[in-house]
Amino acid sequence: MKITKANGKAEYAVIENLKKRAGETSQEVLDIVQGIINGVKENGDNAVREYTVRFDGVVPHKPMLTKEELNGYLEQVDASFGRAIINARDNIYRFHQRQAQQSWMTTEANGVIMGQRVRGLKRVGIYVPGGTAAYPSSVLMNAIPAKIAGVEEIIMVTPPGKDGNPNPNIMAAAAVAGVDKVFMVGGAQAVAALAFGTEKIPKVDKIVGPGNIFVATAKRLLYGTVDIDMVAGPSEILIVADKTADPAFLAADLMSQAEHDKLASAILLTTSGDLARATLHEIDKQVKHLERQTIIEESLERFGEIIVCENLDQALHFANELAPEHLELCISEPLKYIGKVDNAGSVFLGNWSPEPLGDYYAGPNHVLPTSGTARFFSPLSVDSFVKKSQFIYYTCSELRKAKDDIITLAESEGLTAHANSIKVRFD
């Protein structure tokens with residue numbers, strides 16, 4: 001991890017380097033995933049079972065778990081874990097409850113009525129990775145907004161463990177979050193099953209949740225057959241820090257993202273050269289005691305950077321250009337600068353709001369846009385699980401007043417049948 005001085009060019013070379021992470025999916029992966037999709041579409045549950053055995057090497061002891069069975073896992077997990085996920089659930093629920101929208105209707109004095117209906121999707125599928133990438137927190141972050149939105153049924157898919165059994169922590173999180181059913185299947189075959197439906201696995205309206213390259217590719221290929229949340233890229237953090245920041249905190253926060261993946265990016269923008277050097281020293285000191293040291297070191301070497309900026313305005317301008325997934329403002333007056341942040345998935349204000357607080361506990365969602373897409377994408381929210389329709393009611397007299405304008409506009413576009421639909425009512 002090197003230190004670079006911002007000069008209008010060097011810092012933007014960092015963005016170009018990060019773009020290398022989001023290369024095109026290889027043709028080999030595309031062919032494999034398309035084959036799996038076609039197999040599931042044609043052969044349903046038989047194909048799902050065949051792919052599960054081929055890729056996971058195991059047949060689950062219980063292919064499907066009901067809501068009642070999920071509740072039993074709350075008694076199997078460690079008591080401290082149970083308390084933690086319940087507290088996290090409550091925080092996540094309170095935050096997302098404020099996002100809920102209501103249907104509305106306006107009635108004009110002339111008798112015209114217009115409005116919008118807001119309602120939850122009928123059925124949503126949540127993909128949850130298994131194995132070493134088992135994240136109970138993702139269950140909470142995906143399921144709770146769906147419940148608040150009014151989704152009728154939440155179906156979760158997750159691969160079985162090597163022993164054919166589910167991960168107890170994930171099942172307990174599913175129980176706490178209100179998941180209705182869990183199917184023990186993972187990979188592209190699980191995504192395809194949710195998209196098309198099989199005899200056992202119901203068809204859903206939307207699929208959300210993280211996964212490996214095969215899962216992400218399946219979601220992208222099936223978009224249109226089913227809605228998806230987003231195709232997420234490698235995790236990323238950008239920290240803006242002034243001289244008041246603690247280098248030990250900065251080092252720890254940078255590494256908290258670098259440990260996700262060798263392609264993860266961790267960047268520090270600071271107005272202090274001394275802080276930059278002290279942070280490097282802290283990274284060297286702390287990384288030796290972390291289990292994922294090798295991943296962290298490779299991530300920081302390839303996609304990590306410390307950039308010394310002239311001032312905070314320069315740093316924030318760069319932050320908006322990068323549009324990071326996570327942005328920490330470790331500065332003396334963070335609230336003073338929040339209005340200058342235009343592009344970021346989630347913003348963490350001050351020295352006591354580290355990124356893991358958002359990953360697990362505070363309440364805002366941790367499913368965030370990556371790879372610069374925070375310029376136009378938003379975090380997962382209650383809005384992600386609703387659909388809206390609108391309605392119009394006009395009286396005869398009000399349509400008569402509007403008819404000439406409508407006919408003029410329709411004829412200007414050469415759509416005479418549109419114009420005729422209005423004319424016929426008044427001939």
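Note that the numbering runs from 1 along the sequence shown for the chain.
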Test side chain to side chain contact (heavy atoms under 4.5 Å, CB included) applied to L263 and R302, step by step: CA-CA 8 Å; L263 295 178; R302 295 177 64 193; 4.0 Å; yes
Between [X] and [Y], is there a donor-acceptor pair closer than 3.5 Å when you use the side chain of the first and the backbone of the second?
X: S299; Y: I295; result: no
X: K206; Y: S384; result: yes
X: N7; Y: K9; result: yes
X: T279; Y: A251; result: no
X: N320; Y: D342; result: yes
X: E50; Y: N46; result: no
X: E236; Y: S371; result: yes
X: Q116; Y: K388; result: no
X: R98; Y: F95; result: no
X: E355; Y: E328; result: no

Sequence neighbours excluded - side-chain hydrogen bond (donor to acceptor under 3.5 Å, both in side chains) pairs with any residue from residues 360-369: H96-N365, S138-H366
Pairs where residues 184-200 contributes a residue and the test side-chain hydrogen bond (donor to acceptor under 3.5 Å, both in side chains) is met, not counting sequence neighbours: D45-T198
So which pairs with a foot in [range] pass ring pair (Phe, Tyr, Trp, His ring centres under 6.0 Å), sequence neighbours left out?
range: residues 218-258; result: F249-W352
range: residues 169-221; result: none
range: residues 250-293; result: none

Within 6.0 angstrom of F391 CZ, more than 12 heavy atoms from elsewhere: yes
R117 atom CZ, over 12 foreign heavy atoms within 6.0 Å: no
Going by side chain to side chain donor-acceptor pair (under 3.5 Å), name the residues that satisfy it together with [X], two or more places apart in sequence or in a different chain.
X: N165; answer: D163
X: E321; answer: none
X: N71; answer: none

From CA spacing to verdict: salt bridge (Lys or Arg N to Asp or Glu O under 4.0 Å), K62, E69: CA-CA 11 Å; K62 194 168 182 57; E69 289 170 320; 3.2 Å; yes
Distance-only donor-acceptor check, side chains Q314 and E310, under 3.5 Å: no
Distance-only polar pair, side chains of S272 and D274, donor-acceptor under 3.5 Å: no
So which heavy atom on [X] is nearest to which on [Y], and how close?
X: T373; Y: P369; answer: OG1-CB, 3.3 Å
X: I239; Y: C330; answer: CG2-SG, 4.0 Å
X: A190; Y: Y127; answer: CB-CE1, 4.0 Å
X: V118; Y: S103; answer: N-OG, 2.8 Å
X: A193; Y: V40; answer: N-CG1, 3.7 Å
X: A241; Y: L268; answer: CB-CD1, 3.9 Å

Approximate separation, where rounding is to 0.5 Å, of D242 CG and E333 CD: 9.0 Å
Straight-line distance of L327 CG to L368 CG, nearest 0.5 Å: 11.5 Å
Side chain to side chain donor-acceptor pair (under 3.5 Å) between Q257 and S235, intermediate numbers included: CA-CA 7 Å; Q257 290 307 291; S235 188; 2.4 Å; yes
Partners passing salt bridge (charged side-chain N to carboxylate O under 4.0 Å, His left out) against K41 (at least two apart in sequence or in another chain): none
Under the salt bridge (charged side-chain N to carboxylate O under 4.0 Å, His left out) test, residues paired with R220 that sit two or more places apart: none
Trace of the side chain to side chain donor-acceptor pair (under 3.5 Å) decision for N38 with Q34: CA-CA 6 Å; N38 294 341; Q34 189 62 63; 3.1 Å; yes
I267 vs I237, side chain to side chain contact (heavy atoms under 4.5 Å, CB included): CA-CA, chis, key distance, verdict: CA-CA 6 Å; I267 298 171; I237 187 170; over 6 Å; no
Intermediate values then yes/no, side chain to side chain contact (heavy atoms under 4.5 Å, CB included), E11 and T4: CA-CA 7 Å; E11 62 269 35; T4 301; 6.0 Å; no
K67/D180 under salt bridge (Lys or Arg N to Asp or Glu O under 4.0 Å): CA gap, chis, key distance, verdict: CA-CA 5 Å; K67 199 166 190 174; D180 294 294; 3.5 Å; yes
Per-pair distances, 0.1 Å, donor-acceptor, side chain in residues 148-159, under 3.5 Å, sequence neighbours excluded:
from : atom 1 : to   : atom 2 : distance (Å)
E153 : OE1    : R123 : NE     : 2.7
E153 : OE1    : R123 : NH2    : 3.3
T158 : OG1    : V128 : O      : 2.8

Partners passing ring-ring contact (aromatic ring centres under 6.0 Å, His included) against Y73 (at least two apart in sequence or in another chain): none
Residue pair D383, Q101: steps toward the side chain to side chain donor-acceptor pair (under 3.5 Å) verdict: CA-CA 8 Å; D383 285 346; Q101 297 185 46; 2.7 Å; yes
Heavy-atom side-chain proximity of I283 to L254 below 4.5 angstrom: yes
Side-chain heavy-atom pair I306, L280 within 4.5 angstrom cut-off: yes
Note: D229-K219 ion pair, threshold 4.0 Å (strictly below): yes
Check ion pair E301-K2 (N to O, under 4.0 angstrom): no
Step-by-step side chain to side chain donor-acceptor pair (under 3.5 Å) determination, R119 to S389: CA-CA 9 Å; R119 56 207 184 278; S389 58; 2.9 Å; yes
M105 and M114: CA distance, side-chain angles, deciding distance, side chain to side chain contact (heavy atoms under 4.5 Å, CB included) verdict: CA-CA 6 Å; M105 181 174 69; M114 290 180 288; over 6 Å; no
Whether Y12 and H317 hold their rings parallel, tilted or perpendicular, with breakpoints at 30° and 60°: perpendicular
